[in-house]
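First up is the structure itself, then whatever we jot down about it.
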Amino acid sequence: MVMKYYADLHIHSKYSRATSSQLDLEHLWLWAQIKGITVVATGDCVHPGWLAEIKQKLAPCGNGLFELKPEYCCAVAAGIPPSCKGTVRFLLSTEISSIYKRDGAVRKVHNVVYLPSLDAADKLAAKLGGMGNIRSDGRPILGLDSRDLLDIVLSCDPDAFLIPAHVWTPWFSALGSKSGFDSIEECFGDLTRYVYALETGLSSDPAMNWRLSSLDSFVLVSNSDAHSPNKLGREANIFETDLSYCGILDALRNPGSRGLAGTLEFFPEEGKYHFDGHRKCGTRLHPRETIKNKGLCPVCGKPVTVGVMARVEELADRPDGAKGKRWRPYHSMIPLSEIIGDCLGVGPASQKVESLYWRLAGAVGNELSILLDAPLDRIEKTAGALVSEGVRRVRSGEVSVKAGYDGEYGIIKIFSDKERAGKKGQVNLFGDGAPAGASQAPKADSEDSAAAALPRHKKKVRTADSPHNQNAAPASAGTHAPNLNKAQLAAVNYGGSHLLIIAGPGTGKTHTLVHRIVKAAARCAANEKILAVTFTNKAAEEMRERICKLIGPELHAIVTVGTFHQFCLGILRANAAEAGIPADFRIASDDDCSAAAARAWPTAPAAERRAKLEVIGRARAGMPGEAQEDVDLYKAQLRAANVLDFDDLLEEAVRLLSKNAMAINQVRATYRSVLVDEFQDINAAQHALLTLLVKDGVSLTAIGDPNQAIYGFRGSDIRFFEQFEASFPGAATMVLSENYRSAANLLEASGHVIASGNTDSAPLLVARFLGNGRLTIHETATEKAEAEYIVHQLEKLVGGTSMFSHDSGRLDSGDTDGKSFGDFAVLYRTNAQSGPLVEAFERSGIPFQVSGEKPLAQYPFVKEAVAYLLEHAPGELGESSDTDAAAALGRFAQESPVAAMLEKDDRVGGLLDRLQHIAAFHASVQSFLDYILLQQKEEPADIRVERVSLLTLHASKGLEFPVVFIAGCEDGLVPLKREGKHFDPAEERRLFYVGMTRAKERLYLTSARRRTMYGKTIDTRPSPFVADIKEELKTYEKTAAMNVKKAAESEQTDFLGDLFLPQ
DNA sequence: ATGTGCCTTCTTTTT
DNA sequence: GAAGGCACAT
């Protein structure tokens, strides 16, 4: 059956090394579909292993044609009847691959053959032309330059073929002795019988090669230049024949037939050595100009570097545009992603381009059809007018071409910058990558309409640290009747200078601090301000909100709330000159920092640089280490780039304020009162800054909890907290001890832990939560079983039947009814533990959120799925029965080549699975989409949407949840011990304490007897911290109570193992 | 420039 | 066991 297809001819397989991986082959086919390309792997030189794989995988369907799926066929030369051999003349071309020097002469080399010895190379060179040489890495090679190659072509047996050396050599070495040749030389000598393709070293542009009448007996075809599946079809051959080996053969054999309808090509001008010239001098010469200039550069007068075009000019015996008798039409192409990139003014590999590419692929068709013949209005509808205009121009050749020369790439441009700027409004950019719901809005002015089509819900931020609103004296949040307990009130009203407030978990820390700030603001003189310092932007933002709520925007203006770094940055910006820093300095990005490190230690390997940066970071945070030299070197590099890193901000501010009296006096005059949150997390530099600020009657209020100091590893030093009274003479200390968060027994349990089981020294915390909580200890066989247990418990609690009231025998504050998902958190010591948990939650369909994880909707693949579902919304399909989310997603997965392809991309491989699990949970497409799109913003940890939170213990600080699971309560994990790493048991203990004190009503401490970590499975012992809790507070869950059937269904291996262990 | 294979490493993390 | 870095190949 004659058909039209675009063939990417692989004279060998570039994928031959991937024989063990089926994935790669499938990947190849999938891309072939997306591109609209038929992959034709031909030649004896196809790697035998690859052939074997194809044969094994695909049912052979005769005569060298193996069928994979109906759409993709692969003609393979193995198994071709011997009579077919030696009858096709492929003429393939390539660019200069290297430049080598020998005997003082520089020669451009088009092909390189690796050989066992220089002798062999020379012998072969004598036989074939070319040049034996030793590469810089010591390997003997044979280099063939264009002239040699062409001579070989012209002199060779008409029935012979030549194989490109770079194809042959790896094949030979892969075969080794099994090839039947004793030496590569013998092998090479035998080539004339088998050789298949030839590289002339001429331009890759057939139009130019047609100018050589000596090539008339050859058929010019395009060889694949695809280095990876997604580069398929950058060059291709258009066939109108049978899709079979014999079909292709006939097409090539009979120049008169239309079998070979033409070729698709790059713009050859893009090549680095197209024209002649001097890169340094900026001279780019057409070969004719070179001849006029007698081969010399008009700028420097030295001989120019001669490019491939010159060679064509030299050999051509026909004028430009001439057609040989086997001439076939050709199209010059630009890959779609480059067209889109040019339209958007961004790189072809950018996310924007990727997103638009998939959209087009889904809406219009495969890449070649988009490039060659799809209706432009359909392209415009999806990608905007600019892209469709770009495609039109490429089709008609209306592009600006600047040929490459002397190693400089040529530049092919579709739009001038001016045009692009002028037309920008017409591009349907979907700026932030949000999918367009508006398929009927053809000329949609981009961002706005696209955005409007999306439900963009602002999420309500519920503050996590919301103490005492349940049980403490109820009062409206007013300035006059703040709901403060006695201790809190005393702290707020304390009139002395410095004050340290020790505030345990759930004692209303932020609440108290905010009120003290408000109080101070009310007393502020006209030209004075209050400074409130936090560690994180999030904390600063929350504090600002709460202050604003209490005292309104006017007073709010006299309170400066910011992080340490924000404050220092402000100081430095205002006093750049005094600080000796250029006024226009930037904050160093991660890249800036590594660049500075690279300049500081140019020879050091990256790992060493990273290590140095770490040491420097610690040293600058005030931790021990003698790295001063490195610090100075690194800082000098930062300074040279006119950037300040985060540590610099603090250091430079401290330096300025300590030496410049005017600056410090101004700051002290402005900020008479300084308040610091989370004071236990302070480091040396921050402490130094505070010491500077707090003088001449400026007062400092610090609040924090030494039992929650968990950031020692990054330089925080709890001793600053402990030595507060010494550092700031005259300071008072107050303690907030009424806990409004946790049930009494949970509070007691956490007290046992922090006091190392020594009940007497537990922090004095009085429970004001009028309910009884429950502490459950549970041990499973493995981490998988642990995850299943957690999910199971969670399901029970969400179920609505109040297990809580049954278990505790008490029904208290009315919140013991069925929980919602936002009421749960699962905490763990290391992020690596999230894996099994995520899997278990996915299986169960429970909505969850892993802290710090990118929201689903940010993945291009998910965007694509969402766009598809919007476009194929039920409304549009009439009263389609198909409102079912899972079914719609299934259709997407089947119909869209994008989905099929991305599924193979292992980076996002799990995404479709995840989507499907989510879809199964939603009745309609609409609710499914809402669910996905709602989670646009990051910072999921404190946004209490209705999902279970999966967090590290560190990330849980400051949050609270009715039900908390702490997974992996095993010795070695809680506390975390790693061989060769320093170990701070006290800090680990505090960390566990932080985790425990997040729980309001229920706390589960789970562990696994066997755990796989770092690829090793080890037997574990229970956490010693758990042992510090008095037994009478613990409840042990019995495994037998588990729903065996259900558990076995969802987790077959480990769970059964758990159940069937000898009791 | 881009793939590939081998090696190392593998807490926690804000600005 | 997975991921990232690095050296090396084309």
Side-chain angles (χ1 to χ4, degrees), chain A residues 12 14-18 20-21 24 94-95 97-98 111-114 135-137 139 141 164-167 169-170 173 225-231 272 349 409 533-540 562-569 587-590 593 605-611 614 617 620-621 644-650 678 681-683 685-686 709-716 827-833 835 851-852 906-907 939 941 951-957 968 972-984 987-988 990-992 994-995 1012-1017:
Chain A
H12 68 115
K14 308 254 180 174
Y15 310 97
S16 53
R17 292 164 87 183
S20 62
S21 151
D24 240 29
T94 185
E95 292 173 18
S97 56
S98 336
N111 270 306
V112 176
V113 186
Y114 298 102
R135 260 171 55 126
S136 55
D137 62 5
R139 299 180 71 171
I141 57 156
H166 70 267
V167 173
T169 317
S173 42
D225 87 316
H227 299 290
S228 56
N230 63 359
K231 299 269 162 55
K272 288 195 283 195
Y409 279 108
V533 190
T534 64
F535 278 83
T536 68
N537 288 315
K538 202 173 87 183
T563 62
F564 276 102
H565 294 91
Q566 276 166 6
F567 176 73
C568 291
L569 177 62
I587 308 278
S589 67
D590 275 359
C593 294
E608 198 178 308
R609 278 184 213 146
R610 270 197 309 277
E614 220 168 273
R620 297 176 80 186
L644 297 193
D645 73 1
F646 290 118
D647 289 331
D648 276 333
L649 291 178
L650 270 157
E678 305 280 13
D681 287 336
I682 218 112
N683 71 22
Q686 290 155 342
I710 54 173
Y711 286 110
F713 66 91
R714 63 179 198 213
S716 304
L827 313 183
Y828 36 79
R829 180 59 181 73
T830 67
N831 280 312
Q833 289 169 256
S851 141
D906 42 3
R907 247 190 25 222
E939 299 293 350
L951 307 157
T952 61
L953 288 169
H954 281 92
S956 75
K957 191 176 168 196
L973 202 50
V974 173
L976 184 71
K977 280 182 243 173
R978 294 208 56 225
E979 222 171 312
K981 304 282 172 186
H982 42 83
F983 170 52
D984 184 346
E987 181 152 311
E988 293 290 324
R990 293 194 292 268
L991 189 54
F992 188 54
V994 166
T1012 305
M1013 272 179 97
Y1014 310 129
K1016 266 185 297 201
T1017 303

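Since the model is a prediction, treat every value here as computed from it, not as a measurement.
Within 4.0 Å of A/Y1014, counting heavy atoms only, lies at least one base atom of the nucleic acid. No contact: A/D681 has no heavy atom under 4.0 Å from any strand.
Atom CD of A/E987 is separated from atom P of B/dT13 by 12 Å (rounded to the nearest Å). For the pair A/N831 CG and C/dG1 C1', the computed distance is 16 Å after rounding to whole Å. Regarding A/K1016, its NZ atom lies at a distance of 12 Å from the C1' atom of B/dT9, rounded to whole Å. Taking atom CD1 of residue A/I710 and atom P of nucleotide B/dT14, one finds them 11 Å apart after rounding to whole Å. A/L973 has its CG atom 13 Å from the C1' atom of B/dC10, to the nearest Å. At whole-Å resolution of the value, NE2 in A/H982 and C1' in B/dT12 are 12 Å apart. With rounding to whole Å, A/F646 atom CZ is found 11 Å from B/dT14 atom P. Taking atom OH of A/Y711 as the reference point, atom C1' of B/dT15 lies 13 Å away to the nearest angstrom.
Side-chain nitrogen and oxygen atoms of A/K957 include none within less than 4.0 Å of the OP1 or OP2 phosphate oxygen of B/dT13. Note on A/N683: every side-chain N or O is 4.0 Å or more away from OP1 and OP2 of B/dT14. Residue A/T952 places at least one side-chain N or O closer than 4.0 Å to OP1 or OP2 of B/dT13.
Using modelled atom types, one side-chain atom of A/E987 and one backbone atom of A/G712 make a donor-acceptor pair closer than 3.5 Å.
Between A/H954 and A/Y711, the distance from one ring center to the other falls under 6.0 angstrom.
No donor-acceptor contact under 3.5 Å links the side chain of A/R714 to the base of B/dT12.
Put simply, CG on A/D984 and CG on A/L991 are 10.5 Å apart, with the number rounded to the nearest 0.5 Å.
Using a 4.5 Å heavy-atom cutoff, the side chains of A/T563 and A/F535 are not in contact.
Ion pairing between A/R829 and A/E988 holds under the 4.0 Å rule for side-chain N and carboxylate O.
Stacking between A/F713 and the base of B/dT12 is present: ring centres sit under 5.5 Å apart and the planes differ by under 30 degrees.
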